[in-house]
Structures are given as C-alpha cells and as structure tokens.
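Report on the following structure.
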Amino acid sequence: MYEQKYIDREKSWLAFNARVLQEAADNTVPLLDRLRFVGIFSNNLDEFFRVRYAAIRRLSLSGISGEKYLGRISAHQLIKDITEIVIQQQSESLRILGNIESELEAENIFIINEDQVTPKQECFLKDFFMQKLSPELVTIILNDLAVFPILKDTAGYLAVRLELKTDEVRYALIEIPKTINRFVVLPSEDEKQYVILIDDVIRLKLKNIFNIFDYKSVSAHMIKITRDAQLDIDSDLSKSMLEKIASSVKDRRIGEPVRFIYDSLIEEDTLRFFLDKMKIVETDSIIPGGRYHNRRDYMDFPNLGRYDLLYKPNEPLPVPGLSLDGSILEKISKKDYLVHAPYQSFAYLTKFLREAALDPKVTSIKITLYRLAKNSQIISSLINAAKNGKRVVVQIELQARFDEASNISYAEQMQTEGIELIFGIKGLKVHSKICVIERTEDGKNRRYGFISTGNFNESTAKIYTDVTLFTCHQGILKDTSKIFEFFDINYRVHRYKHLIVSPHYTRTKFVKLIDREILHALAGRKTFIKLKMNSLSDFKMIDKLYEASNAGVKIQLNVRGICCLIPGIPGMSENIEAISIVDNYLEHTRVYIFGNAGLNEVYISSADFMTRNLDGRVEVTCPVYDHEIKKELIDNFNIAWKGNVKVRYHSYKLDNKYKPRNHHAPFRAQFETYKYYQNKVAVLEEVPQKVN
C-alpha cells in the first residue's frame with residue numbers, strides 16, 4: 001500500500017489557486033483577462049487566510065496538535081508549510097504581473113507610478129486629487145495615540161514615515177479609499193493610454209497631505225492585514241437571528257490578525273513600529289510583498305475600450321423548446337427542462353418567478369436563497385409576488401460567508417414587504433438551491449419548481465457554470481415541499497422518495513450507490529462512476545472510492561478545487577483518474593453519474609464530497625429522470641473529459657501538470673460545450689424546414 005493516503009486539504013486548495021495563477025501566466029489568455037486572473041488569485045488567497053488559515057491558527061493556539069483533523073500533520077507544522085507556499089506564490093504572482101505590464105506596454109497601455117507622471121498628467125491629477133481623492137482620505141498620525149487604530153482586513157493602507165528636521169521620526173497611516181476605483185485612467189497621449197493606481201496618486205501628493213510638518217523626508221509603503229473571519233454567534237435568546245448575525249459581522253472587523261503583508265522595501269524601523277503596535281509576532285504569517293497589495297482590485301481593471309484584449313463574450317443561448325416569450329409554466333407542465341448557465345440564459349429563472357408572481361392561479365412560492373446579486377431580480381420578483389397576494393416563503397442563509405451583510409439587508413427588505421422568512425436551523429447552514437410553487441388547477445393543487453447546483457444570482461450566472469432543472473414532477477416537488485417543512489419544524493426528520501437530502505441521507509445514499517457499482521464490477525458487469533464537483537475532501541468517501549477502484553470500477557473525477565484523493569496509485573487507486581479544469585468560466589456544476597451496468601443514473605446536486613456538505617448542511621441532490629437531459633449531462637461530462645486545453649491532472653505531487661494532447665488537435669472543453677448547445681439550437685431551427 002502507498003504510504004500516503006490523502007493530500008492535505010489546505011495544500012490542495014493552494015494548488016488550485018496556483019492553477020488560477022497559471023491562467024494569469026498563460027499568454028494564450030487575453031491580456032486584460034490575465035490581469036483579472038491575478039485579481040482572482042489574490043481574492044482567493046485573502047478568503048483562504050480569513051477562513052481556513054484562521055481555523056488552523058485557532059487550533060494551533062489551543063495547544064491541540066490537530067493531526068486527527070488535518071490528516072497526519074500538526075497545525076503548527078501546517079501553518080509553517082502554508083506560509084512557505086504562499087511566499088513562493090506571492091513572488092510568482094509579482095513576476096507574472098510584471099510580465100503582463102510589459103506586454104501591455106507593447107499594446108500602448110502603460111501603468112505608471114508617481115515618478116513617471118508628465119506635467120500634463122500632473123495637472124489632471126492635481127484636480128482629481130482635490131476634487132475626488134482628498135475628501136475621501138483618512139489620515140492618522142500615530143505616535144501619540146493612546147490606542148492604535150483597528151485596521152480593516154478588506155482595506156489597503158500606506159504606512160507613512162516622516163523624518164522631521166529635528167531628526168524626530170513620526171509615523172502615519174493613510175487608508176486607501178474603496179469608494180473610488182483604484183485605477184485612474186489618465187488622458188491619452190500620442191495614442192498611448194495611461195493608468196495610475198490611487199496609491200501612487202497619494203504618494204505624489206504626500207507634500208500636500210503633510211504640509212503642516214517641517215520634515216526633511218517622507219516615504220509611504222503599503223501594508224495589508226487579514227483577520228480571522230469566523231463568526232462567533234451570540235447565544236442570547238432574547239435576540240433574533242437577524243440581530244445575532246448582524247452583531248457578529250460587526251465584530252468580525254476586530255478579529256485576530258492572521259496575515260500581515262508589507263512592501264519589502266519598507267524601512268526596518270517602520271515595519272517594527274507597525275508590528276509592535278499591532279501585536280503581530282513572528283509566529284503569525286508575516287509575508288514580504290511588492291509595492292502594491294489588494295491585487296484583487298485587478299478584477300476591476302478598466303477595459304480602456306480594448307475589447308481585443310478580452311475574451312469575446314458568448315451570448316447566452318436559448319433552451320430549445322423553452323421560450324422567454326410564452327408561458328414557462330405551460331412548457332414545464334409537459335416535460336422537464338435543463339438550463340446550463342452561462343452557456344444558456346439565466347433569464348429563465350427570473351421569468352419563472354415573474355410569471356408565478358402574476359399568475360392568478362399561483363397561491364404560494366417557496367425558495368431558498370444563499371448568495372444574491374447586488375441588485376437582485378430574484379428579490380424583486382418575490383416582492384412582486386407578495387404584493388399580488390401570494391404566500392411567499394423565503395429561507396435565506398444569513399451565514400453565507402462574506403455575504404452576511406447583503407443578506408441581512410435583503411432580509412429586512414423582504415420582511416417589510418410581508419414575505420415570510422426562515423433563518424435556518426441551528427448548527428446547519430442551508431446550502432440547497434430549490435424553489436417550489438403551488439398552483440390551483442381544476443380545483444386541485446399542483447406544484448412546479450426548479451432545483452439547481454448554483455446560487456440564484458444573476459451576476460455569478462454570467463461566469464459560474466451551473467445547471468438548473470425545471471420540473472413538474474409531483475414526487476420530486478412533494479419532497480421539495482417537505483424540506484421547507486423541515487426548515488419550519490426541524491426536530492422531525494422526513495423521508496424522501498426522490499431527493500437525497502443532507503444532513504440525514506446524502507452520505508448513506510452515495511455509499512449505497514458506490515457499493516452497487518462495486519457489486520456490478522465484481523460480477524463482471526460493465527460499470528463506471530463519473531463525478532463532477534468543486535471539492536473532494538471527505539476521507540470516508542475517498543476510502544469508499546478507493547474500495548471501488550480496487551474492485552475494478554472505472555472512476556473519472558472532474559474536481560475543480562480541493563482533491564484530497566490521490567489517483568492512479570497501484571493497490572489503492574489505479575482505476576481512478578482525476579482532472580481539474582480552470583478556464584474563463586468558474587466550473588461550479590455538481591453532477592454525479594453512476595453506470596449501473598448500463599442503466600445509467602444521473603444526479604445534480606448542491607453538495608460536494610466534503611464533510612460539511614454531507615453532514616453539516618442542508619443540501620439537495622436531485623435525480624434526473626428525463627432521458628434527453630440525462631444524455632445531455634453525460635455528454636457534458638464527456639466533453640470535459642475529452643478536453644486537452646486548460647485541463648490539469650490531480651496528483652500527489654501537486655504540480656498541476658497539464659493533460660497532454662498526444663498529437664490530438666486542441667480541444668477546449670468550455671468552448672466545445674458552447675458549440676454543443678449551439679448545435680442543439682441549430683437542429684431545432686432546421687426542423688421546421690425539413691417538415692415543409
């Protein structure tokens with residue numbers, strides 16, 4: 001038996017983020033999109049430190065080794081390993097960013113600093129600083145403060161050192177405002193385009209900011225802090241859940257520091273001053289970096305009208321047979337439909353809810369909400385339904401990490417409009433993506449609804465791949481209604497005939513499905529398992545897949561992110577292959593396919609194979625009964641598996657090795673998936689001509 005059984009979860013996640021960084025380095029990716037990937041890499045890393053690293057740090061400080069939970073590595077050692085990996089990745093990201101900036105210059109796009117500003121640009125920036133930037137600046141002189149200010153973990157700061165003519169050194173802090181786009185587009189000159197960061201505009205105007213001081217030198221270097229983002233929920237029974245989450249979100253701003261990043265060119269005395277004042281010690285993650293931090297802002301780098309340096313957007317395609325003009329409920333009453341965003345239009349979901357809001361026969365709408373768009377059409381449709389006298393029941397997850405404040409705001413808005421809100425179940429996040437409506441037809445109650453792998457969010461639906469099943473299957477929707485009953489009376493565990501629901505049934509059901517494949521393989525029947533998910537980290541499920549591999553079951557895993565399973569090891573996993581696709585769209589769909597000796601079973605799910613999804617959340621896995629939709633989902637999986645561009649292998653080396661082409665023509669899965677749906681539309685358009 002191979003001595004290593006699992007990949008460490010945190011290191012596997014860092015390997016995923018390295019795949020994101022590979023996209024930033026890939027010269028086949030359009031230049032401005034490469035900048036976007038730099039931003040995504042940075043944003044991912046911020047969230048990693050706020051959540052996963054913070055949890056390991058808590059474990060380490062508790063004095064517990066943590067090896068039982070972390071897979072044979074102590075929390076203390078893991079913290080050291082993570083810091084080493086991150087320092088290397090940060091260095092690599094700076095190198096990549098430098099290359100991108102050089103290539104942008106070849107396209108006559110220049111990102112300049114304060115030392116490169118021309119007199120004409122300085123005149124423009126003088127007005128910009130006075131009119132827009134200066135009124136937003138928060139500047140604090142630190143030396144004489146009794147209490148050091150709390151640095152926000154979502155902000156960047158300039159640590160300022162003033163050396164007075166008396167040789168006294170004073171320190172100051174300037175918060176880089178988030179109310180202004182970080183990138184200032186300067187007037188073009190000689191067909192060249194110029195961009196400057198507001199960090200450098202502030203540096204340019206340091207004399208204006210500190211002109212009351214008689215100093216001989218002034219310098220400013222960027223620092224950034226990341227805080228523990230774990231919510232500690234108040235147990236006060238007199239407070240509503242809304243109040244508790246709101247209070248906990250406010251407390252997050254003073255969470256313990258877990259990472260401190262600084263410009264490696266900062267003066268030693270300035271660095272020591274800030275570390276001492278913030279009580280950051282050597283055992284914390286202290287990471288030297290470049291001149292600029294908060295590189296997640298590159299996700300919003302201005303396009304400058306250079307659409308030739310961006311991926312050409314694909315228009316969302318229609319779903320054959322499902323029109324946005326006619327009644328969507330009428331269509332669903334006759335057959336199931338699948339919507340695959342962003343290849344197909346998310347507008348079908350909002351159309352469904354808008355129609356339900358106006359339909360006199362609809363009596364109720366029930367839906368779960370996890371992450372919502374900034375200006376959510378979903379919320380507008382639900383409020384419209386309530387105003388039309390429908391009973392609207394919304395389960396909104398107030399603990400959707402980093403979306404708590406937004407969800408609290410939406411919850412308050414819906415409460416005002418008379419919508420019934422359910423705030424979840426103690427100890428369980430509600431991560432399911434379900435909606436059911438009730439409609440009176442011929443004196444009887446009939447249900448319509450949809451079940452999805454992703455959030456009901458118009459913004460993320462443009463970049464996340466997810467599937468949504470629209471159905472009128474009364475058995476599935478009766479089960480869906482039972483889930484809302486569970487939200488309301490959660491001491492009663494329901495039985496479901498069709499849906500697989502966490503935390504009560506998902507683990508046991510998937511174990512049974514894998515066991516059945518094992519029996520087929522042992523009996524000599526042809527069988528397989530094809531699983532597409534975001535993360536695979538539950539050790540028990542990994543062991544079950546190892547068992548299936550040893551029984552001869554062929555297993556294909558398409559896991560975008562964390563994969564703690566080690567594929568291809570003789571005597572343990574030789575029948576398992578595992579890939580990851582990181583491309584223009586974020587792969588988010590969860591599809592589970594079981595060969596069942598030729599009688600394929602296909603499921604879509606909100607759940608990954610992670611312990612939290614199987615045992616600690618309310619998740620829904622839905623069987624697909626429609627044969628055309630089954631085939632479509634299997635086709636999608638096989639297209640991805642055939643891919644040889646943007647496809648990496650999972651392995652114990654965590655080296656993100658690309659899948660070789662072996663003399664085959666390039667086959668890019670996301671492009672080919674779009675073509676697949678284009679062909680479906682083309683076939684539909686040809687049918688009337690053939691009939692004539």
Residues forming a salt bridge (charged side-chain N to carboxylate O under 4.0 Å, His left out) with Lys224, sequence neighbours excluded: Asp46
Arg371 versus Thr460, side-chain donor and acceptor atoms under 3.5 Å: no
Side chain to side chain donor-acceptor pair (under 3.5 Å) contacts in which one or both residues fall within residues 357-367, not counting sequence neighbours: Asp359-Arg439, Ser364-Glu438
Atom OH of Tyr343: over 12 foreign heavy atoms under 6.0 Å: yes
Glu441 CD: over 12 foreign heavy atoms closer than 6.0 Å: yes
Residue list, side chain to side chain contact (heavy atoms under 4.5 Å, CB included) with Asp583, at least two apart or on another chain: Glu23, Tyr311, Ile581, Lys646, Arg668, Gln670
Donor + acceptor pair across side chains of Thr589, Thr465 (<3.5 Å): yes
Residues His473 and Tyr625: side-chain donor-acceptor under 3.5 angstrom: no
Qualifying salt bridge (charged side-chain N to carboxylate O under 4.0 Å, His left out) pairs, either residue in residues 462-485, two or more places apart: none
Partners passing ring-ring contact (aromatic ring centres under 6.0 Å, His included) against Phe510 (at least two apart in sequence or in another chain): Tyr592, Phe609
Contacts of type side chain to side chain contact (heavy atoms under 4.5 Å, CB included), residue Thr179, not counting sequence neighbours: Glu136, Pro177
Salt bridge (charged side-chain N to carboxylate O under 4.0 Å, His left out) pairs, two or more places apart, involving residues 489-509: Arg507-Asp538, Arg507-Asp615
Residue list, side chain to side chain contact (heavy atoms under 4.5 Å, CB included) with Asp297, at least two apart or on another chain: Arg182, Phe183, Asn294
No-hydrogen, no-angle side-chain donor-acceptor test under 3.5 Å, Glu619 and Ser605: no
Pairwise distance CG(Leu633) to CG(Leu338) - rounded to 0.5 angstrom: 5.0 Å
Under 3.5 Å side-chain donor-acceptor pair for Gln395 and Thr368: no
Residues that Glu587 engages under salt bridge (charged side-chain N to carboxylate O under 4.0 Å, His left out), provided they are two or more places apart: Lys532
Pairs flagged by salt bridge (charged side-chain N to carboxylate O under 4.0 Å, His left out) wherever residues 317-329 is involved - sequence neighbours left out: none
Minimum-distance pair of heavy atoms, taken over all atoms of Leu372 and Asn407: CD1-OD1, 4.2 Å
Pairs meeting criterion salt bridge (charged side-chain N to carboxylate O under 4.0 Å, His left out) with involvement of residues 329-345, two or more places apart: Glu330-Lys334
Residues in side chain to side chain contact (heavy atoms under 4.5 Å, CB included) contact with Lys387, at least two apart in sequence or another chain: Ile383, Glu417
Heavy-atom closest contact (Tyr410 atom, Ser376 atom, distance): OH-N, 3.1 Å
